[in-house]
Amino acid sequence: MFDTPESRSRMVAIGFTLLCLALMAWRLTIPSKFFFDEVHYLPAARALIELSGPVNTEHPLFGKIVIAAGMLLFGDNALGWRIFPWAFGGLAIFATMRMTWWIAKSEIAAFMAGFFVMTGQLLFVLARIAMLDMVMAGCLMAGLWMTASALDQDRGNHTRLAGAGLLLGLAVGAKWSAAPVAMMAGIGLFILRGHAVGWRLKAWALESPAPFQGVSLWQAVLLLGLLPMLVYLATFIPAFFYASNPIAPADILAYQLRIFEHQSNPMAAHTYQSNWWQWLGNIRPIWFLYEAADGAQRGVILLGNPVVMWAGLGGVALCGLLGVMRRDRARLIAFVLFIVALAPWAVVPKPVQFYYHYLLPSIFLCIAMALALERVWWRDGVRAVPVFVMAAAAGMFAYFYPILSAAPLDGEMAFMDWMWIDSWR
């Protein structure tokens, strides 16, 4: 059962994901009332259940469909609101570990990637609130895992790539911020194929020995290009049946312009708004909650783990250098995905941005950090360095845990115990 590195890595990923899910489930229903952006997405989920009409038209429907499904299964209560974002958080951790395995074929790199994503704190907090980000990240990472697993395989590539296309379409159907990374699956296939067989059109288009054995260019276009777009459009089907202002099937493409307009509309300044360069420095977090709730003073802050977020930037830089100078494919993939996930926020016409938009870049930062530690230190036998970094990340996560998990606090000023810099307040 554990006779191959791949099977061992898979079982470790399952065990670690179950452990993470158990930790994320603790106090999942606290606070028992809406908090932060749940005030936008829960009414939208209720409108989908009732098919009453469009609500929260700034975003596509799939993430809200998932939240609505939780409410139908578990009730219109805190458990129903948050159960599926929690489950998709587990999927994101598992898929991160499996993707890392398939691109690097390293058991320790795969484990460290999942470990840093969990202790990095962003995923932990976002998996415990009824927002769209975790549904998007879970589907996206699972789609990238499926794509990576199809590399250099002897069989089953069509099934894996079809699964990838389905999941990538759902990711974009949850939130548009998945789109640049989702596109990289198809673009990466073309680049890898061209590198493997040469850039002559005939050799490029026909079946080739690697990567993606047995999959022609045209099949890849269908599975990683057309299929995600069709799946994305299919997520709007419930809107055809709204009692008020339904979307006509013929108008579904025009409706995308309405989403874009809503994304681009001017917004009032917000206390916790921030910019992409502040995300890199872990400078401006967001207090999702800080008030008396469920019988105690409680807080939930979206703040990155300083060890992971600051050391991870070094991991990204090392992966960039190794990828370019040594043609290390795994490290180059992690570096490129980080850049692709982050760069649009520097130019996107969204007037007000928040630290939760850093979720996807932070996942790729964690992968890059794991791959850098494995390549530079672990592989050369200097294992004390990766172990120290993991221990420091775990210790910092434990330190911040009370204000990540809505634990009872000692009074209104208790938050000051964790405020290292003024901008964290």
Are [Y] and [X] an aromatic pair, judged by ring center distance below 6.0 Å?
X	Y	answer
Tyr355	Tyr272	no
Phe240	Phe236	no
Tyr358	Trp345	no

What is the distance from atom [atom1] of [X] to atom [atom2] of [Y], rounded to the nearest 0.5 Å?
X	Y	atom1	atom2	value
Leu140	Leu359	CG	CG	9.5 Å
Arg8	Glu6	CZ	CD	10.5 Å
Leu79	Ser32	CG	OG	12.5 Å
Ile363	Leu144	CD1	CG	9.5 Å
Ile187	Leu224	CD1	CG	11.0 Å
Leu280	Met309	CG	CE	11.0 Å

Indicate whether the side chain of Asn305 and that of Trp310 have a donor and an acceptor atom separated by less than 3.5 Å.
-> no

Could you tell me which non-hydrogen atom of [X] sits nearest to which non-hydrogen atom of [Y], and how far apart they are?
X	Y	value
Trp424	Ile301	O-CD1, 3.9 Å
Pro43	Phe34	CD-CE2, 4.1 Å
Phe74	Gly80	CB-CA, 3.8 Å
Pro31	Ala78	O-CB, 4.2 Å
Leu360	Ala178	CD1-CA, 4.2 Å
Met131	Ile67	O-CD1, 4.0 Å

Where the side chain of [X] meets the backbone of [Y], is there a donor-acceptor pair that is under 3.5 Å apart?
X	Y	answer
Trp86	Leu21	yes
Trp145	Trp102	no
Glu38	Phe35	yes
Lys64	Ala47	no

Other residues, nucleotides and ligands only: do more than 12 of their heavy atoms fall within 6.0 Å of [atom1] on [X]?
X	atom1	answer
Asp410	CG	no
Phe388	CZ	no
Arg326	CZ	no

Show the numbers, then the answer: is there a side chain to side chain contact (heavy atoms under 4.5 Å, CB included) between Ile283 and Ser274?
-> CA-CA 9 Å; Ile283 293 171; Ser274 56; over 6 Å; no

Would you say that [X] contacts [Y] through its side chain, given a criterion of any heavy-atom pair below 4.5 Å between the two side chains?
X	Y	result
Arg10	Met97	no
Phe400	Pro306	yes
Met146	Arg98	no

From the list Leu337, Val172, Val336, side-chain contact (heavy atoms from CB on, under 4.5 Å) partner of Val181 resolves to Leu337

Anything under 30° is parallel, anything over 60° is perpendicular, the rest tilted; go ahead and classify [X] against [Y].
X	Y	answer
Phe36	Tyr356	perpendicular
His357	Trp279	tilted
Phe16	Phe111	perpendicular

Report all side-chain donor-acceptor pairs from residues 113-124 shorter than 3.5 Å, counting only partners two or more places apart or in another chain.
residue: Thr119; atom: OG1; partner: Phe115; partner atom: O; Å: 2.9
residue: Gln121; atom: NE2; partner: Leu303; partner atom: O; Å: 2.6

Side chain to side chain contact (heavy atoms under 4.5 Å, CB included) between Arg128 and Ser405, worked out | CA-CA 8 Å; Arg128 294 163 48 83; Ser405 62; 3.9 Å; yes

Could you walk me through whether His40 and Leu132 pass side chain to side chain contact (heavy atoms under 4.5 Å, CB included), step by step?
-> CA-CA 10 Å; His40 302 300; Leu132 310 180; over 6 Å; no

Charged N to carboxylate O below 4.0 Å: is that the case for Glu58 and Lys175?
-> no

Leu42 and Met71: side chain to side chain contact (heavy atoms under 4.5 Å, CB included), yes or no, with the steps?
-> CA-CA 9 Å; Leu42 293 177; Met71 294 163 68; 4.2 Å; yes

Inter- and intrachain pairs under salt bridge (Lys or Arg N to Asp or Glu O under 4.0 Å), touching residues 270-291, at least two apart |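 Pairs touching residues 270-291 that pass the test: Lys33-Glu291.
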
